[in-house]
Structures are given as C-alpha cells and as structure tokens.
Chemist: 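Have a look at this one before I ask anything.
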Amino acid sequence: MKKSSVKRSWAEPYKIKMVELLKMSSKEDREKALIAAGYNTFLLRSADVYIDLLTDSGTSAMSDRQWAGMMMGDEAYAGSENYYNLEKVVKKVYGYRYLIPTHQGRGAEHILSKILIKKGDVIPGNMYFTTTRLHQELSGGRFEDIIIDEAHDPESEFPFKGNVDLGKLDQIVSRHGASKIPYVSIATSVNMAGGQPISMENLRNLRQYTAEKGIRVIHDMTRVAENAHFIKVREKGYSGKSIREIIHEICSLTDGATMSAKKDALVNIGGFLAVNERQVFEQARSLVVVYEGLHTYGGLAGRDMEAMAIGIEESVHDDHIQARIGQVEYLGRKLMESGIPIVRPIGGHGIFIDAKKFLPHIDQNNYPAQSLAAEIFLDSGVRSMERGIVSAGRNPDTGKNNKPELELVRLTIPRRVYTQAHMDVVAESVIEVHRNRKRIRGLKMIYEPKYLRFFQARFKPV
Ligand code: PLI
C-alpha cells in the first residue's frame, strides 16, 4: 500500500480518570510569595504555583496499574515480594545482574561513591550533575568534564551533545593513570546540558577504550528511555529497533548504574543501584543497611517498589516515549517560533531557556537565570528552575564560584501530567516576559548554604 504523505498527529497514549484542581493566583499574591521565597523557586510553596515545571522528578502521574500495584504492597521488613518483582524487572529491562534499592537516586550515588572512590581519585564524566558530583567529592574524588565542546554551546545543533570526547578522556588517563580513575561516569540524556543524548556509537567507542584501560563505566540511567528515543530517531541503524531493545543495548555497554526512578520510571519516590560485579554488590549490600535500610527495601515501602516495577515496564513503551518527548517538542517549537533563545536541539525532559541571550544586559554574577525563573513565576505562576551559576556551586579547592558556559532556565515537563493547553499557557507567559525583558534586573545572593546551594539560597533584587 502507498504511504500517505499527509502528516498525522500523535496523541497521549492514555486517557484521564482522575484530576487534581489547579489554583490561579493574583500577581500581588505571587509577588508576596516570591519575596517570602527569597526569589528562589525551590523555596515557593507549591500551593502558590499554577503550572509546576520545577522538575520532572517525582512529579509523574502514575497509571491505574501502578496505583493497583500500591495496594499489593508487601510491607515485610525483610524479603518483600515487591523487591523480587522489582529485581526481576530490572534484570529483564535493563540487564544488570544485581539490584540494591535506595530511597532515590542520590542514595545510590552515595553508596556507590563510598565503595568505588578513594581520596585523590578522578572521575571523568559527560558533564556534572549536582548530587552526583557532590557525592564524588565527599568521597575524596574530583570530577572532570569530558563532554564534547558542542554541549556547552546552546546553539549547536549537534544531535548527540551528550557524547564523550575520547580525546579529553585520554588526556586525563595519561595525566593521572588508570589506577586513579575508578570509573567513567556516564549519564544518558545529560540533564545539565539540556536533556541531550549520547549516541550508541559513542558509548561503544567509550566501552572499547575503557575496556583496554581497565576502567569501569557507570551509567546514570535516570533518563535512559528518553535517550533511547533520540537514538531511535537520530542514529543510523536504530529506527527499526524498539525503545526496550535500545535501552538494553545501552545498559549492556556499562558496568553498573545509579537510577533515580522518580524520572523515567514514573514513580513519585524511589531509586536503585544496579551492578554486574558480585564484589561491588556485596559491599553495597553491606552499606545500604547503614544509610538506607535493609537490602530488600533500601528506604522504600513495599508498595513503592511495586509501583516502580510497573512504572519501569510502562516507561519503555515506544508510544509513551514518543508522546512524552512530543509534548516537550511542542513547547520548544512554540518558543522557538517566537524567537525565544533555547538550547537546541530540543532535549528530552524539558525546555532550557538560554538566559544569557534572553537577558544580555545582566552579568552572570547577578544570576540571569535565577532572575528569569523568578520573573516567569511572577508573570503567570509557572514555576521553573535555575540551571546556571547558582547550580554550578563553588570549586571545592579554591572556594571560587564555578562559572558555567550554560546559564539556563529549565521548564521541566512532568510525565503524563499536563496537557497541550498548559503548554500554550506556559509559552505565552515566557513570550510576555521576553517582551518586557529590558525591565528585568538581576539579583544578589544574600544567603548561601554550604551544599547544593541552589536548593536553599536566598536572593534580593540588585
Ligand atoms: O533526585 P534524586 O536523588 O532521585 O536523583 C538525583 C539525580 C541523579 N542524576 C540525575 C541526572 C538527575 O537528574 C537527578 C535528579 N534530578 C533532579 C532532582 C532534577 O530536578 O533534575
């Protein structure tokens, strides 16, 4: 049969059976809320927010099947059935041999860093993530960025901006020696770069290189399904493969993984560490009881593990991922058509506004992205997040501010939560703020916490 050339739309592969009512606030209310929050969207009360695009973490809508699974919680302290269900799914979908559940992603990062990193070690990675890097540092290691240069350029259209620059990695290995490198830390869908994917080819080359040097590859698989979608649509040889097959192949090129199940895996809480080495597993099983809980629950209730097991299965369906990324692209295209500078290509979990371009009159020391996130909230009650100089924190050796190239505001789309009409409202608000951008002033920081400052720092207009 001849294929029709008329473009057909996709639609969400679900219908809605329960709703949560939203509240719209007045501009006066929002102004008060913003001042009380010290101009930090993390410190707003969610009751003051209209459309919440702070994060895609723990904010997904669960399916009826997941909720039914919650009723099947086996709340035994030891040996819960739900643990075994989760273990089976993790082995089947991702292929890792051993599972340690944790309360969320950073619980897994903590345990893994404590096991593998010694003082003076270096951990190369495809761009830092806040909690991951902090746990590496707290264990005595130092993170080194080996992502390709294109990742630092919001305008580069390179399709795999999450790729590793093997030349940069090789320099680090030559300088420090492989014995100082416990693993290479590889994220799929690189969050801080704008949800940008790594290609299978790059992973394969990395695998070959590290195998020769005897270095592990540890996978931050928080958004692996979204990465798999980009491989499917952008990489030669993958259009006929399912998301499930691609995910399996990605995982097979790595030695272990940390997972925040609060993203891809469609649950409100949960995570895990998964490894292939028996010895690392034994150590993790011993440490998890110190920091999280017994190795068959790791800080989670039985019902949480059941919801996660079902969520993982749902997250690898092609139609789910297509609609999920389709919605992000819908918002991104709307903004691009109106001349809003965003990171391109459009990433997997959100739209990242280039605050340096949006507010060229604000110096990076006056936090353009933080200021822009505050202004968007003020305009419409849409909550976003800073991903720039505040998130980048300070160099642990010099105490000086890290100055990232990327100064971004992230409009993060929760999975299965908002409709296309919500995306229209968000776009209209950003466009309105853009129209009035010259009026926006910068901020100064008046309170800075010691760790992960972006969560709790407070600001005041300059
Ligand atoms: O928030 P956790 O502890 O479940 O996971 C930490 C974490 C690890 N890796 C990556 C790539 C993340 O994106 C991540 C958490 N991200 C958050 C909270 C976010 O808003 O992006």
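What you see below is based on every heavy atom in this structure, not just the backbone, and it leaves out hydrogens, waters and symmetry mates. One-based numbering, in listed order, for ligands and for the atoms of each.
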Chemist: Hey, does the side chain of R106 reach the backbone of T132 with a donor-acceptor pair shorter than 3.5 angstrom?
Modeler: no
Chemist: Given E292 and I111, is the side-chain contact (heavy atoms from CB on, under 4.5 Å) satisfied, shown in steps?
Modeler: CA-CA 9 Å; E292 302 277 314; I111 290 170; 3.9 Å; yes
Chemist: Mind telling me whether F272 and Y94 have parallel, tilted or perpendicular rings, with 30° and 60° as the class edges?
Modeler: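 Answer is tilted, since the angle falls between 30° and 60°.
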Chemist: Measuring from the heavy atoms of K263, does anything fall under 4.0 Å of ligand 1?
Modeler: yes
Chemist: Could you work out, for atom 4 (O) of ligand 1, the closest of S260, G350, A108 by heavy-atom distance?
Modeler: S260
Chemist: Pick from I186, V164, V190: which one makes a side-chain contact (heavy atoms from CB on, under 4.5 Å) with I147?
Modeler: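 That would be V190.
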Chemist: Do me a favour and list the nearest non-hydrogen protein atom to atom 6 (C) of ligand 1 with residue, atom name and distance?
Modeler: T131 OG1, 3.5 Å
Chemist: Measure from NZ or CZ of R383 to the centre of the six-membered ring of F377, then state whether that distance is under 6.0 Å and the direction lies within 45° of the axis.
Modeler: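 No - R383 does not lie over the ring of F377 by the 6.0 Å and 45° rule.
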Chemist: Salt bridge or not between E155 and K357? Use side-chain N to carboxylate O under 4.0 Å.
Modeler: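 Result for this pair is yes, salt bridge flagged.
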Chemist: One thing to verify: whether R97 and E277 come together as a salt bridge, which I'm taking to mean a side-chain N less than 4.0 angstrom from a carboxylate O.
Modeler: no
Chemist: Look at atom 12 (C) of ligand 1 and find which of F129, Y128, F42 reaches it with the closest heavy atom.
Modeler: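 The nearest heavy atom belongs to F129.
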Chemist: Hey, which atoms in ligand 1 end up nearer than 4.0 Å to a heavy atom of S57?
Modeler: 18 (C)
Chemist: Using a strict cut-off of 4.0 Å, indicate which atoms of ligand 1 neighbour a heavy atom of K262.
Modeler: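 In order of numbering, the contacting atoms are 4 (O).
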Chemist: Which ligand 1 atoms does T55 reach within 4.0 Å, using its non-hydrogen atoms?
Modeler: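 This gives 19 (C), 20 (O) as the contact atoms.
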Chemist: Indicate, as side chain, backbone, both or neither, the part of R410 found under 4.0 angstrom from ligand 1 when only non-hydrogen atoms are considered.
Modeler: side chain
Chemist: Between D121 and P182 (side chain of the first, backbone of the second, donor and acceptor by atom type, cut-off under 3.5 Å), is there such a pair?
Modeler: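 Answer holds: no.
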Chemist: Nearest protein heavy atom to atom 8 (C) of ligand 1, by residue and atom, and its distance?
Modeler: E109 OE2, 3.1 Å
Chemist: Could you find the nearest protein heavy atom to atom 3 (O) of ligand 1 and give me its residue, atom name and distance?
Modeler: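 For this ligand atom, the closest protein heavy atom is R106 NE, 2.7 Å.
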Chemist: Got the closest protein heavy atom to atom 2 (P) of ligand 1, with its distance?
Modeler: Q104 NE2, 3.3 Å
Chemist: Only heavy atoms of R223, strictly under 4.0 Å: list the atoms of ligand 1 that pass.
Modeler: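 Taking each heavy atom of R223 in turn, ligand 1 has 11 (C), 12 (C), 13 (O), 19 (C), 21 (O) under 4.0 Å.
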Chemist: For D153, does its backbone N or O pair with a side-chain atom of K161 as donor and acceptor, under 3.5 Å?
Modeler: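 Yes, because the side chain of K161 sits within donor-acceptor range (under 3.5 Å) of the backbone of D153.
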Chemist: Looking only at N/O atoms, are G105 and ligand 1 under 3.5 Å apart anywhere?
Modeler: yes
Chemist: With nothing but distance in play, are any N or O atoms of R387 less than 3.5 Å from an N or O of ligand 1?
Modeler: no
Chemist: Can you see whether Y98 has R285 sitting over its ring - NZ or CZ less than 6.0 Å from the centre and within 45° of the normal?
Modeler: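 The answer is no, since R285 fails at least one limit relative to Y98.
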Chemist: Show the atoms of ligand 1 that are less than 4.0 angstrom away from any heavy atom in M385.
Modeler: 20 (O)
Chemist: For atom 11 (C) of ligand 1, grab the closest protein heavy atom and report residue, atom and distance to one decimal in Å.
Modeler: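 Minimum-distance protein heavy atom for atom 11 (C) of ligand 1 reads D220 OD2, 3.3 Å.
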